[in-house]
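Working notes for the structure below.
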Amino acid sequence: MVIPNTSSFGGFFLLGFSEQPLLEMTLFGITVVFYSLTLLGNMAIIILAHLDPRLHTPMYFFLTHLSLMDLCYTTSTVPQLLFNLQGPGKIISYGGCVGQLYVSLAMGSAECILLAVMAVDRYMAVCRPLHYAILMHPHICWQLAATTWLTGLASSLVQTVLITRVPLCGRNVIDHVFCEVPVLLKLACVDTTFNQMELFLVSALLLLVPLTLILISYSCIGQAVWKIKSHEGRQKALGTCFSHLVVVFLFYGTAMAAYLQPTAATFQNQDKFMALLYGIVTPALNPFIYTLRNKDMKGALRKMIGKD
């Protein structure tokens with residue numbers, strides 16, 4: 001790809017895989033498929049959880065928020081990615097880049113916290129069943145959800161303001177597929193040690209603290225399930241937690257590889273493929289992971305289809 005005179009353009013050039021046109025064509029088709037699955041799957045969860053009274057529980061309440069976050073995240077990044085993949089123009093406006101950065105950071109940060117909240121909910125359901133209705137009262141669930149959203153939005157606002165204050169000295173060619181803090185810092189024409197340290201600490205806080213809480217919750221759940229003598233009861237308890245654990249490992253594994261791994265340790269294009277994995281593939285898989293092993297969700301889906 002030939003880059004025009006960058007001095008006359010106020011936005012950014014997202015190179016992506018511009019040197020591999022065949023790969024771009026393949027990724028375009030794959031991205032369309034996964035984005036369609038993301039839209040259909042997550043919208044179906046939100047609609048089913050709202051319409052079916054059997055799904056008016058804390059677990060599905062938080063699941064609808066997870067689906068909404070995935071929809072917001074992918075919608076902030078995928079349309080621009082598809083535009084860049086299908087043609088020679090690899091541009092994004094400055095406002096578009098900042099907006100993409102803010103929304104994706106906000107949704108990613110909020111999802112880190114929400115997955116921990118969902119783990120605590122499963123702990124309460126399995127280990128404290130007699131007090132579950134009180135501990136996870138709808139009013140408390142709304143407070144937890146609001147805190148999750150506000151924390152993600154506030155954290156992203158800080159990160160976005162800090163990165164927009166870093167001077168780039170006219171550099172606007174981004175060797176990546178999305179506008180993300182690590183790749184924007186590479187364009188800086190000043191020392192970014194403070195920004196890199198701040199990003200690492202915030203990433204570690206938002207990733208490792210919730211992950212630790214999740215692991216503690218599931219270790220307690222594992223001990224409680226082990227004490228259940230009924231095989232059927234044990235399988236039911238494990239079934240409610242398995243889907244969440246799969247989503248946790250998919251999300252945290254890719255996010256930690258992207259934000260906590262030293263830049264020098266990554267090979268060419270690894271960060272781009274990793275961004276596509278946690279930005280496109282994971283949101284598309286979440287609805288299917290939760291529904292395929294969930295009798296209530298499958299029952300609600302069959303009920304809705306039957307009415308049609």
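All values derive from a computational prediction rather than experimental measurement. Starting from 1, each residue takes its place in the sequence as its number.
For the pair Pro210 and Cys112, the tightest heavy-atom approach, listed with the atom from each and the gap, is CB-O, 3.4 Å.
Hydrophobic clustering (side-chain heavy atoms under 4.5 Å, transitive across Ile, Leu, Val, Met, Phe, Trp, Tyr) keeps Leu150 apart from Val209. Leu215 and Val246 fall within a single hydrophobic cluster, where Ile, Leu, Val, Met, Phe, Trp and Tyr are joined by side-chain heavy atoms under 4.5 Å apart, directly or via other members. Hydrophobic clustering, with ILVMFWY side chains joined whenever heavy atoms are under 4.5 angstrom apart, groups Leu51 together with Ile45.
Taking the side chain as every heavy atom from C-beta outward, Leu55 and Phe61 never approach each other to under 4.5 Å. A 4.5 Å side-chain heavy-atom check between Leu245 and Tyr218 finds at least one atom pair inside the cut-off. The side-chain heavy atoms of His137 and Trp142, taken from C-beta on, include no pair separated by under 4.5 Å. Looking at heavy atoms from C-beta onward, Phe34 lies out of side-chain contact with Val78 at the 4.5 angstrom threshold. The shortest side-chain heavy-atom distance between Trp149 and Leu68 falls under the 4.5 Å cut-off.
Rounding to the nearest 0.5 angstrom, the gap separating the NE2 atom in His65 from the CG atom in Asp70 is 13.0 Å. Here the CZ-CD distance, from Phe28 to Glu24, works out to 11.0 Å after rounding to the nearest 0.5 Å. Residue Asp121 holds its CG atom at 10.5 Å from CG of Leu135, rounded to the nearest 0.5 Å. A distance of 8.5 Å separates CD of Gln159 from CG of Leu206, quoted to the nearest 0.5 Å. Here the straight-line distance linking atom NE2 of His176 with atom NZ of Lys186 works out to 8.0 Å at 0.5 Å rounding. Distance check: Leu144 CG to Leu114 CG gives 9.5 Å after rounding to the nearest 0.5 Å.
If you run side chain to side chain contact (heavy atoms under 4.5 Å, CB included) between Leu276 and each of Ile30, Val281, Leu81, only Leu81 comes through. When each of Val183, Leu187, Val98, Ile91 is paired with Phe12, the side chain to side chain contact (heavy atoms under 4.5 Å, CB included) condition holds for Leu187 and for no other. Under the side chain to side chain contact (heavy atoms under 4.5 Å, CB included) rule, Leu85 has a single partner from Val32, Thr26, Leu27, Leu14, which is Leu27.
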Start with the C-alpha gap between Ser104 and Gln100, add the side-chain angles, then the distance that decides, and say whether side-chain hydrogen bond (donor to acceptor under 3.5 Å, both in side chains) holds.
CA-CA 6 Å; Ser104 60; Gln100 183 183 99; over 6 Å; no
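Looking at residues two or more places apart in sequence or on another chain, you find a salt bridge (charged side-chain N to carboxylate O under 4.0 Å, His left out) between Arg54 and Asp52. Residues passing the side chain to side chain donor-acceptor pair (under 3.5 Å) test with Ser67 are Asn42, sequence neighbours excluded. Considering only residues two or more places apart in sequence or on other chains, Phe17 meets the ring pair (Phe, Tyr, Trp, His ring centres under 6.0 Å) condition with Phe273.
The six-membered or imidazole ring of His56 lies away from that of Tyr60, with a centre-to-centre distance of 6.0 Å or more.
Counting only distance, with no hydrogens or angles, the side chain of Thr192 and the backbone of Asn195 share no donor-acceptor pair below 3.5 Å. Of the possible polar contacts, one joining the Gln86 side chain to the Phe83 backbone as a donor-acceptor pair under 3.5 Å is found. No donor-acceptor distance shorter than 3.5 angstrom exists from the side chain of Lys90 to the backbone of Phe13, with no hydrogens or angles considered.
Between Cys97 and Cys179 the SG-SG gap is short of 2.5 angstrom.
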Return all side-chain donor-acceptor pairs below 3.5 angstrom for residues 160-169, not counting sequence neighbours, or 'none' if the list is empty.
unit_1 : atom_1 : unit_2 : atom_2 : d
Thr160 : OG1    : Ser156 : O      : 2.7
Thr164 : OG1    : Thr160 : O      : 3.1
Thr164 : OG1    : Val161 : O      : 2.8

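Within the structure, the disulfide (SG to SG under 2.5 Å) test picks out no pair touching residues 13-58 (sequence neighbours left out). Among pairs with a residue in residues 241-260, none fulfils salt bridge (charged side-chain N to carboxylate O under 4.0 Å, His left out), at least two apart in sequence or across chains.
Between Lys272 and Asp175, at least one side-chain N (NZ, or NE/NH1/NH2) sits under 4.0 Å from a carboxylate O, which counts as a salt bridge.
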